[in-house]
Every structure is written in structure tokens, then in C-alpha cells.
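Okay, structure first, notes after.
Note that the structure is predicted; figures quoted are calculated from it, not measured. In what follows, chains carry the letters A, B, and so on, assigned in the order in which the sequence lines appear, proteins first and then strands, with residues in each chain numbered from 1.
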Amino acid sequence: SQELEQSPQSLIVQEGKNLTINCTSSKTLYGLYWYKQKYGEGLIFLMMLQKGGEEKSHEKITAKLDEKKQQSSLHITASQPSHAGIYLCGADPPDSNYKLTFGKGTLLTVNP
Amino acid sequence: DGGITQSPKYLFRKEGQNVTLSCEQNLNHDAMYWYRQDPGQGLRLIYYSQIVNDFQKGDIAEGYSVSREKKESFPLTVTSAQKNPTAFYLCASMDPEKLFFGSGTQLSVL
């Protein structure tokens, strides 16, 4: 089965700083999803990456999938308190019938 | 507005009791999923359904049951056989590109 490892497990940054969260897969990624979760709430979709080398941005968040399609990074520029939460990556293995596998998440705290 | 509604937000279970978590969607999605979230462990798949009247076990189905009698509804029953039910439960449905999640139900044991 496909396993996703996220790093770091938690991160505390000062407002205005840049940060990066990584997601590494044990197998080739065919669909990589990034979600954000506020404590005690549902997951909000951020971005999906499929092609090697692909990069997508939304506001101050940029996600990349490496050429080998085994690692993805999520980069936040000029972090704000509103960016705080848990970031999870999810993978959609081939022939999985959309049974997404998720990493354990990265807890981001942004101090004002 | 289209979306996924989970209820209740908080639920308490007594010893030996079965409880049912509700999940309703008006997105016209065929596929629906139940995940369990424990602190520091990410999401684990309990059951999923790709079409009405059909469902499959996920990675941690023991102690749980589901039904899919209508496209819009995918209730999850936590049975007395589930010895460690305290967790945050998330329901989701899938369009061709991504999962949409409900706001979750926190289940605790009295």
C-alpha cells in the first residue's frame, strides 16, 4: 500500500515568514492532493497535482510535485495567522477506486 | 448551496450502545467515504461506497457498519464491537477531481 510521510510534524513560525511542508510517498504519485483543516472541522481542498514537475498556486500558497512524482512540497509565502491549521497531503493510487491515502498532517502555528 | 452535512456535531456513546452518524450530500456524487481521524494519526478509511446499494470495507472496518440505500445518504453505525470509538469522524464524497468533506462528528465514550 502507498504510504505518505509528512514533514515536519509541527511548525511554529512568526507572521510574515515563509515556510515549506513536505510530503514524501513510498510509491509513484498519480494524484497528489493538499488539504487544510482547522481544529475540529472538515478538510478544505487546496490543490491537486498530477504531472511530474507540476506547480500550482493559490493566493500565497504554492504546491509542487517533483519530476519523479514521489515528493510534493507546499510553500507558504509571507505567512499570516489565517494560514494556521493542519495541512494534509493525500494520494490517489492507481486502481484504488478513489481510496485516498493521507499523511498524518503538519500542524502549523503562526504567531502574530 | 451544495455540500455535505454531518450530524450531530458531538455524540456520546454509552458502554454497549450502538450509535449512528449521519451524512447527507446534495452534490449528486456517486462515491462516498467515511474516515476516522485520531490525533497525530491522520485519516484512516473505514468504509466507502461507489454506488447506491454497494459498499466496501476500508482499512479499519471492524466494529463499524454502513448502508447506502439512497445516493444522498451514507450513515455510519459505530457498534458495541468497536472498543475504542473515541475519534473525529469525517464523511466525504467525490467528484471526478477531488474529495469534498463534511464538518465532522466528534464521538466520545461516556
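Only the side chain of B/Leu90 has a heavy atom closer than 4.5 Å to any heavy atom of chain A. Contacts between B/Gln106 and chain A at a heavy-atom distance below 4.5 Å are absent for every atom of the residue. Proximity to chain A (any heavy atom under 4.5 Å) is restricted, for B/Gln37, to the side chain, taken from C-beta onward. A/Gln9 does not touch chain B: none of its heavy atoms, backbone or side chain, sits under 4.5 Å away.
Taking CG of B/Leu43 as the reference point, atom CG of A/Leu100 lies at 9.5 Å (rounded to 0.5 Å). From B/Glu97, atom CD reaches atom CZ of A/Phe45 across 7.0 Å, with rounding to the nearest 0.5 Å. To the nearest 0.5 Å, atoms CZ (B/Phe101) and OH (A/Tyr35) are separated by 5.0 Å. B/Lys9 NZ to A/Glu41 CD: the interatomic distance, rounded to the nearest 0.5 Å, is 6.0 Å. Put simply, CG on B/Leu99 and CG on A/Leu43 are 9.0 Å apart, with the number rounded to the nearest 0.5 Å.
Within 6.0 Å of atom CG in B/Leu27, more than 12 heavy atoms from other residues, nucleotides or ligands are found, so the atom counts as buried in its surroundings. A 6.0 Å sphere centred on CD of B/Glu15 holds no more than 12 heavy atoms belonging to other residues, nucleotides or ligands. Atom NZ of B/Lys71 has more than 12 neighbouring heavy atoms from other residues, nucleotides or ligands inside a 6.0 Å radius. A 6.0 Å sphere centred on CD of A/Glu3 holds no more than 12 heavy atoms belonging to other residues, nucleotides or ligands. A/Lys38 NZ: more than 12 foreign heavy atoms inside a 6.0 Å radius. Crowding of A/Glu5 atom CD: a count of heavy atoms from other residues, nucleotides or ligands under 6.0 Å not exceeding 12. Surrounding NZ of A/Lys69 are more than 12 heavy atoms belonging to other residues, nucleotides or ligands, all under 6.0 Å away.
Minimum heavy-atom separation, B/Phe88 to A/Gln37: CE2-NE2, 3.8 Å.
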